[in-house]
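Okay, structure first, notes after.
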Amino acid sequence: MTITTINTTQAPDAKPVAKSFTLSTNWQTMIEVPNYEVPELVFGGSTTVEPGVGEVISPLMLCNFTANTVAVDVRTYRFDLNDTFWIVRNMQIPAYDTVPLPLNGQFFKSGDLLELKTDTNLAVDATLSFTLGQSEEDDV
């Protein structure tokens, strides 16, 4: 997997993002954290690629809008570990019900993903608010 790099004149500190979509039986990406290519503060005008960070600021809202119970899977891919971790697996959402999944406060680094899918096509809406921006460097 490669990390997307966004070329910008100034990377955002914490750009708010609201994302909503209807789930399918295939994995869909809710959060994907890019790198940022930004100008270096040096003579000559070169650029540098800096890591990004995402922070979840709301619960993941999962709304079943059908008359049947539907199962949802949520997982995260951690780029630096090259591994996938389950958050919930086969979580049952009753008919016409909404379930908040408390992910607020979770951090994602460049290359990390938050992915979702369901066992029934086009039955569950997913909504999440998070921030994306350039990660701060620990230069101590």
Side-chain angles (χ1 to χ4, degrees):
M1 184 184 130
T2 60
I3 300 173
T4 301
T5 299
I6 297 174
N7 189 336
T8 180
T9 57
Q10 180 177 351
D13 290 329
K15 175 185 170 190
V17 179
K19 199 164 185 183
S20 298
F21 53 78
T22 302
L23 298 182
S24 74
T25 55
N26 298 315
W27 288 108
Q28 295 169 270
T29 301
M30 179 67 80
I31 296 177
E32 181 175 2
V33 181
N35 282 324
Y36 293 91
E37 184 176 353
V38 294
E40 276 190 296
L41 299 177
V42 297
F43 183 73
S46 62
T47 61
T48 182
V49 175
E50 298 294 336
V53 66
E55 180 184 6
V56 179
I57 57 176
S58 75
L60 172 61
M61 302 302 293
L62 300 167
C63 178
N64 179 356
F65 55 85
T66 68
N68 300 305
T69 297
V70 177
V72 173
D73 294 332
V74 180
R75 69 183 185 186
T76 183
Y77 171 77
R78 298 296 184 178
F79 183 81
D80 59 345
L81 300 173
N82 191 28
D83 207 353
T84 300
F85 300 90
W86 292 93
I87 295 173
V88 295
R89 205 168 178 174
N90 198 31
M91 183 176 73
Q92 303 294 304
I93 302 178
Y96 304 114
D97 201 0
T98 299
V99 174
L101 194 58
L103 298 180
N104 28 327
Q106 294 297 308
F107 284 94
F108 293 84
K109 300 186 293 185
S110 289
D112 289 352
L113 303 172
L114 178 66
E115 300 175 305
L116 303 88
K117 78 172 184 172
T118 184
D119 68 346
T120 306
N121 228 8
L122 308 175
V124 174
D125 286 335
T127 300
L128 185 69
S129 296
F130 55 97
T131 60
L132 282 178
Q134 181 180 328
S135 178
E136 295 182 17
E137 296 286 325
D138 186 6
D139 59 0
V140 181

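It should be emphasised that the depicted structure is a prediction, and the values quoted were computed from it without experimental measurement.
- Here the side chains of Ile87 and Gln106 are not in contact, with every heavy-atom distance at 4.5 Å or above.
- A side-chain donor-acceptor contact under 3.5 Å links Lys19 to the backbone of Thr29.
- Summarising the geometry of Gly52 relative to Val33, their closest heavy-atom pair is C-CG1, 3.5 Å, with the distance given to 0.1 Å.
- In the hydrophobic clustering of ILVMFWY residues, with side-chain heavy atoms under 4.5 Å counting as a link, Val88 and Ile93 come out together.
- In this view, Asp83 satisfies the salt bridge (Lys or Arg N to Asp or Glu O under 4.0 Å) rule with no residue, not counting sequence neighbours.
- With Val124 as the fixed residue, the side chain to side chain contact (heavy atoms under 4.5 Å, CB included) test singles out one of Thr66, Leu23, Val99, Thr22: Leu23.
- Side chains of Asn35 and Pro51 form a contact here, defined as non-hydrogen atoms less than 4.5 Å apart.
- Taking CD from Glu37 and OG1 from Thr47, the interatomic distance works out to 3.5 Å, rounded to the nearest 0.5 Å.
- Atom CD of Glu32 and atom OG of Ser110 lie 10.5 Å apart (nearest 0.5 Å).
- Formation of a donor-acceptor pair under 3.5 Å by the Asp112 side chain with backbone atoms of Phe79 is found in this model.
- Without hydrogens or angle criteria, Asn64 side chain to Pro94 main chain gives a donor-acceptor distance under 3.5 Å.
- From Met91, atom CE reaches atom OG1 of Thr118 across 9.5 Å, with rounding to the nearest 0.5 Å.
- Here the CZ atom belonging to Arg75 is positioned 9.0 Å from the CZ atom belonging to Arg89, to the nearest 0.5 angstrom.
- Across Glu55 and Gly105, no two heavy atoms sit closer than the pair OE2-CA, 4.2 Å.
- No side-chain heavy atom of Asn68 sits less than 4.5 Å from a side-chain heavy atom of Thr120.
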Asn90 and Gln92: CA distance, side-chain angles, deciding distance, side chain to side chain donor-acceptor pair (under 3.5 Å) verdict:
CA-CA 6 Å; Asn90 198 31; Gln92 303 294 304; 3.1 Å; yes
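- Hydrophobic clustering keeps Val72 apart from Tyr96 (ILVMFWY residues linked when any side-chain heavy atoms are closer than 4.5 Å, directly or through intermediates).
- The closest side-chain heavy-atom distance from Ile31 to Val17 is not below 4.5 Å.
- Of all non-hydrogen atoms in Ala126 and Leu62, the two that sit nearest each other are CB-CD2, 3.8 Å.
- Here the side chain of Ser58 pairs no donor or acceptor atom with the backbone of Leu128 at under 3.5 angstrom.
- In terms of heavy-atom proximity, Thr98 sits nearest to Cys63 at OG1-SG, 3.4 Å.
- Taking CG of Leu122 as the start and OG1 of Thr25 as the end, the distance is 8.5 Å to the nearest 0.5 Å.
- Residues Val70 and Ala123 share a closest heavy-atom pair of CG2-CB, 3.9 Å.
- Rounded to the nearest 0.5 angstrom, Glu115 CD and Met30 CE are separated by 11.5 Å.
- For the side chain to side chain contact (heavy atoms under 4.5 Å, CB included) with Phe108, the lone residue among Val56, Leu113, Val53, Leu132 that qualifies is Val56.
- Leu116 places a side-chain heavy atom less than 4.5 Å from the side chain of Leu60.
- Side chains of Tyr77 and Asn82 form a contact here, defined as non-hydrogen atoms less than 4.5 Å apart.
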